[in-house]
Amino acid sequence: MHHATATAAALAVVRTRYPRALSTADTVERLLGLIHAKLGLAPRRIMLGDSICSDDLNAIEYPPRASEMLGPFKLGGLDGFPFAGLTGMSAFAHHVPANGAIFLFHGPHIGIARDGTTGVLHRPGQSHPSACCGAARAAVDKVLAGRVLAGEVTDLDYQQNTIEQILLPHRARLAAARSAVAEATELMYDAIEARIDALVARTAYPCRHVIVMGGVLINAEVDAGSFCCFRRLVHLDTASATRDDWLPALLD
Ligand SMILES: [Zn+2]
């Protein structure tokens, strides 16, 4: 269990960069309440998928009540890009329980240390801070050093090379940023959201309700847990082909 005081202290630090950040644990609680109120569905009727970074911190800091849903189906790879692609998205969609709903969370992540340093964290058992997201940090460094060639994607490092290619056209923006890794996180958010939308649009659903939530996931030190700056919460009704913005209701 996270110490409430550590969580509150970390949230105050996180909000200096992400003013609207919320605790992921609290938000899952609210989300489950919202889905129940809107659709009458209990957590066991919801198939959860996530597109978040492979980083072990994201497993350590996974919001506890998320496990009340089915899943998670893991769509993400390094920094949360949905590398599972169309086949992963389709498999995920077809694992939904009868008369249930699909819930998908997507987003890149960034560490914020106790002293507010952005893009690093002390990991459990380590005495020195390290990069978080390490993949984003490495890609930024390589792009800024001019060592990324357009179109160079290798079998041995496919995911990392893909991130490098996403960031490469934005070299000037990264170079000018106060925090290049925070800027890269914004670029990754946009790339992930666009790819998720492309996958969602090309997937057939055996259920009526598809709920998509996006945000920047923020890792604090493990005693404080994780936070998120939520960017969207959309409900798609596949029966009526309509979409509703649920974000105001969630944040209300
Ligand atoms: Zn990462």
Side-chain angles (χ1 to χ4, degrees), residues 10 13-14 17-18 21 23-25 27 48-63 66 71-85 88 104-114 116-126 128-145 147-148 153-154 156-168 170 174 177 179-196 213-231:
V13 171
V14 163
R17 181 172 285 279
Y18 297 99
S23 131
T24 55
T27 308
L48 160 68
D50 65 42
S51 192
I52 62 176
C53 186
S54 320
D55 192 327
D56 45 278
L57 266 179
N58 281 342
I60 294 168
E61 297 185 340
Y62 211 74
F73 191 106
K74 307 298 283 185
L75 288 156
L78 294 178
D79 208 12
F81 194 78
F83 286 105
L104 168 58
F105 175 82
H106 64 83
H109 75 135
I110 187 165
I112 297 188
R114 214 182 297 282
T117 310
T118 302
V120 298
L121 264 191
H122 282 92
R123 291 169 183 276
Q126 297 193 341
H128 296 287
S130 60
C132 177
C133 174
R137 174 82 259 170
V140 164
D141 290 347
K142 196 169 166 185
V143 166
L144 291 179
R147 292 188 291 111
V148 178
V153 176
T154 66
L156 274 180
D157 215 3
Y158 169 75
Q159 295 191 5
Q160 183 65 15
N161 295 156
T162 300
I163 292 172
E164 291 163 1
Q165 294 299 319
I166 289 167
L167 298 182
L168 182 60
H170 306 285
L174 292 170
S179 165
V181 77
E183 200 68 15
T185 305
E186 296 302 315
L187 291 165
M188 286 305 297
Y189 179 85
D190 292 344
I192 291 165
E193 185 180 279
R195 180 58 62 90
I196 289 285
M213 177 188 251
V216 173
L217 190 53
I218 302 150
N219 303 96
E221 315 281 352
V222 289
D223 62 340
S226 59
F227 303 92
C228 188
C229 183
F230 293 97
R231 299 282 164 85

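Counting starts at 1 for both ligands and their atoms, following the listed order.
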Pull up every protein N/O/S atom sitting under 2.8 Å from the Zn ion (ligand 1), skipping waters.
C53 SG, H109 NE2, C133 SG
Does the side chain of T185 come within less than 4.5 Å of H109's, by heavy atoms?
no
I218 and C229: CA distance, side-chain angles, deciding distance, side chain to side chain contact (heavy atoms under 4.5 Å, CB included) verdict
CA-CA 8 Å; I218 302 150; C229 183; 4.3 Å; yes
A139 and E164: which non-hydrogen atoms are nearest, and at how many Å?
CB-CG, 4.0 Å
Sorted by chain and residue number, the ring-ring contact (aromatic ring centres under 6.0 Å, His included) partners of Y18 (sequence neighbours excluded) come out as none
With sequence neighbours excluded, residues passing side-chain hydrogen bond (donor to acceptor under 3.5 Å, both in side chains) with T162
none
Which residues satisfy the salt bridge (Lys or Arg N to Asp or Glu O under 4.0 Å) test with D190, sequence neighbours excluded?
none
